[in-house]
Number of protein chains: 2
Amino acid sequence: MTITIKDIANKAGLSPASVSRILTNRGRFNAETAQKVRDLAESMGYFKNQSAADLSQKESRVIGVLVPSSHTNFADEIIKGMQSKAYELNYELIVAFVESDIQQQIQTVKSLLSRNLLAIAMLAIDIDDTVLAVLLDTNVQLISVSNQLNNKIPSISSNNYDTVHDIVDYLYDNGHRDIALIGSSRPEPIVANLRRQGFINALSEHGITYNPDFIWGVENTYQTGLDAIKHFGVPLPFSAAIGSADIISIGLLNGAKDAQLSIPEDLSIVTIDGTDLTQLTRPILTSTKQNFQLMGQLAIKSLAEKKLSPHTIIFTDTTLVLGGTVASPLQRGKEN
Amino acid sequence: MTITIKDIANKAGLSPASVSRILTNRGRFNAETAQKVRDLAESMGYFKNQSAADLSQKESRVIGVLVPSSHTNFADEIIKGMQSKAYELNYELIVAFVESDIQQQIQTVKSLLSRNLLAIAMLAIDIDDTVLAVLLDTNVQLISVSNQLNNKIPSISSNNYDTVHDIVDYLYDNGHRDIALIGSSRPEPIVANLRRQGFINALSEHGITYNPDFIWGVENTYQTGLDAIKHFGVPLPFSAAIGSADIISIGLLNGAKDAQLSIPEDLSIVTIDGTDLTQLTRPILTSTKQNFQLMGQLAIKSLAEKKLSPHTIIFTDTTLVLGGTVASPLQRGKEN
DNA sequence: AATATTTGCGTAAACGTTTACGCAAATAAG
DNA sequence: CTTATTTGCGTAAACGTTTACGCAAATATT
């Protein structure tokens with residue numbers, strides 16, 4: 001039924017081994033014969049049986065990608081970056097979405113592990129500890145993208161300390177003194193802690209002792225943004241807020257609007273992430289944009305080069321993108 | 001290095017065949033022995049080598065999923081539905097993102113086809129004709145989800161004719177007589193035509209001859225929505241618009257706001273799709289919500305049952321979800 | 001107690017590809 | 001012209017699992 005390498009070999013008067021060498025471009029073969037074989041493969045409608053190849057090959061060129069199904073939409077951009085680099089370097093990606101249900105998580109991970117993988121990349125994943133233990137137990141190469149999990153897994157992400165530090169500087173320069181940081185402290189304790197430290201240190205460098213109440217949030221969701229406004233009440237005790245993710249910031253913005261506040265007059269917002277979502281609001285969100293595509297590319301590149309140690313940390317740059325959600329709080333004074 | 005079925009067999013004093021029968025739950029075996037073997041597998045850290053299994057098995061339980069990388073975010077919901085059903089029925093999903101670059105498309109499809117697949121599901125995909133030809137040429141089962149491609153591929157989608165027809169009815173009942181339909185006529189000619197027909201027929205049933213100029217749009221993008229407002233100019237020649245996708249409708253809404261129009265007083269909007277994006281705008285978008293999760297579930301279910309013919313068309317229901325973007329145009333008269 | 005059926009498991013082949021090894025022919029070097 | 005090297009390709013084993021077939025032991029049926 002299906003065409004195999006053997007069929008091609010028969011038709012070409014060669015052995016399967018030769019055909020294999022030609023189609024995989026390994027070993028020695030005659031250039032003319034090679035062209036004949038390639039043409040035959042094309043015309044006979046041959047498709048490599050990857051399972052058979054995987055089975056017989058030592059080294060896999062397949063990289064598994066675990067993506068949270070509660071789908072922060074930057075995952076798309078990371079995957080896009082990965083895919084372009086994978087294509088370029090002739091690797092293959094298998095994407096699997098991870099649900100919150102633990103049983104399902106385990107099944108997903110097992111089904112990934114049951115393939116012959118070069119590595120598994122985890123995108124900003126909120127993965128259960130037991131599942132993580134399973135992953136660490138197998139000796140497949142791991143990498144965490146846009147997140148830092150722990151010191152056993154190499155990571156590629158923005159420098160979260162610097163990012164928040166820079167945002168605080170920017171807000172301070174615009175006259176803000178009372179600043180909030182809205183977002184989850186779970187499930188990325190390392191990232192959250194770095195942000196918190198950047199936040200606290202930046203404030204203290206400006207001679208401001210931070211108010212612990214101003215670091216708030218349970219989850220990285222839209223609802224958290226909405227809730228934040230209700231939690232602090234109007235008038236807000238701060239003049240600017242940093243949203244830990246675009247979707248949170250949109251929640252902040254809508255929550256503020258729903259409470260009859262004007263943005264940015266009554267509240268300045270800077271969001272972390274800077275995906276296309278920032279363009280959908282009015283005013284457009286001011287953001288520190290992460291370079292997700294680059295993260296994806298670097299992930300594949302560094303996996304291909306096999307130079308990752310458990311402690312490797314790669315940072316990608318962020319850039320401040322001006323929208324319309326930051327104003328000086330002094331202006332508000334003038335207006336009154 | 002890695003644990004195989006043979007290792008387990010040795011330790012259990014059995015043959016590999018028996019272990020295989022036990023772990024796959026096929027054929028005959030003793031219940032006690034089975035438990036012992038399962039425990040051994042667990043404790044030894046065994047992972048099935050899926051490549052080997054695929055190679056030796058006649059029938060695959062793997063379903064490939066082609067997802068557009070220009071990622072309409074409802075794809076997530078479809079995948080979520082697929083994954084839950086796949087988990088339930090013990091199928092496995094391999095997700096691949098399709099770029100717009102044709103070479104890359106071909107590589108992606110080939111890499112899918114080089115696995116032993118039960119079927120390939122295509123999500124709302126704008127796939128190149130040559131690539132589609134490749135897919136049709138192989139005799140792998142295909143299914144199109146949330147889109148109708150042609151009469152050679154079974155599909156699961158909303159009834160696009162009814163959906164638009166119902167929206168027109170709803171808008172008519174709210175007093176609207178001049179209605180526009182904004183969105184692409186490509187790359188889903190069948191879907192676009194059905195919507196167009198639903199649009200035209202519904203209007204004509206209300207005694208309105210439709211204005212062809214009011215069907216407008218190049219792509220299903222945010223920009224199209226923005227452009228639409230500029231294209232028609234202020235004041236708009238219609239009182240209501242149907243956006244073919246949430247992202248278009250957000251474009252319409254923002255475009256209108258940018259032109260100093262008020263929503264819904266100056267323009268009523270109903271959007272097709274009804275993803276979470278509709279909640280992010282102010283006012284919240286009124287939508288006809290498609291049941292994407294159900295589509296995903298049905299896709300897996302019908303593939304599992306193997307009763308799909310090339311002409312099979314399955315419709316899922318849509319529901320009108322009231323937001324704040326529809327007002328009677330008469331109110332505008334009152335206000336003036 | 002003799003025969004029939006069921007149960008539990010082992011044997012061995014098969015899936016399609018890759019690859020180490022080796023051999024003969026072709027080419028190069030001396 | 002002889003010896004050394006390179007080229008092109010075939011042989012055969014290996015990857016880990018599944019499964020048709022068959023056999024002996026256990027159990028059921030008369």
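The sequence lines fix the lettering, A, B, ..., with proteins before strands; numbering per chain opens at 1.
Distance from the side chain of B/Arg21 is smallest for D/dT19 among the nucleotides C/dG16, D/dC9, D/dT19. Between D/dT11, C/dG16, D/dT7, one nucleotide has an atom nearer to the side chain of B/Leu55 than all others, and that is C/dG16.
Between the side chains of B/Thr130 and B/Asp128, at least one donor N or O sits under 3.5 Å from an acceptor N or O. Side-chain polar atoms of B/Gln105 and B/Asp101 form no donor-acceptor pair below 3.5 angstrom.
Heavy atoms of A/Thr33 sit under 4.0 angstrom from primed sugar atoms or phosphate atoms, though from no base atom. Base engagement by B/Ser20 is indicated by at least one non-hydrogen atom pair under 4.0 Å involving a base atom. Across all strands, B/Ala17 comes closer than 4.0 Å to base atoms (heavy-atom distances). Within the 4.0 angstrom heavy-atom criterion, only backbone atoms of the sugar-phosphate kind lie near A/Thr4; the bases stay farther away.
Separating the CD atom of B/Glu59 from the P atom of D/dA20 is a distance of 13 Å, rounded to the nearest angstrom. Distance B/Arg28 CZ to D/dA26 C1': 12 Å, rounded to the nearest Å. Counting to the nearest Å, the C1' atom of D/dA14 and the CG atom of A/Asn116 are 14 Å from each other. Straight-line distance from the CG atom of B/Leu117 to the P atom of C/dC15: 20 Å, rounded to whole Å. Whole-Å rounding puts the A/Ile22 CD1 to D/dC9 C1' distance at 9 Å. Counting to the nearest Å, the P atom of C/dT7 and the CD atom of B/Glu32 are 16 Å from each other. The CG atom of B/Asn25 sits 13 Å away from the P atom of D/dT19 (whole-angstrom rounding). Note: CG (A/Leu14) to C1' (D/dT11) measures 14 Å, nearest angstrom.
Look at D/dG8: its Watson-Crick or wobble partner, with both distances under 3.5 angstrom, is C/dC23.
If you find the closest nucleotide of DNA chain D to A/Ala34 and to B/Thr24, the one lying nearer the 5' end belongs to A/Ala34. Nearest-nucleotide positions on DNA chain C place B/Ser18 closer to the 5' end than the other of A/Gln50 and B/Ser18.
Evaluation of atom-type donor-acceptor distances gives a pair under 3.5 Å for the side chain of A/Ser56 against the base of C/dT17.
For the pair A/Arg61 and A/Tyr91, the cation-pi test (distance below 6.0 Å, angle within 45°) is passed.
Side-chain atoms of A/Asp7 come within 3.5 Å of backbone N or O of A/Thr4 as a donor-acceptor pair. A donor-acceptor pair is defined here as one N or O able to donate and one able to accept, closer than 3.5 Å; such a pair exists between the side chain of B/Asn116 and the backbone of B/Asp54.
In terms of phosphate contacts, A/Asn30 brings a side-chain nitrogen or oxygen within less than 4.0 Å of OP1 or OP2 of D/dG8. Between B/Arg26 and D/dT19, a side-chain N or O to OP1/OP2 separation shorter than 4.0 Å is present.
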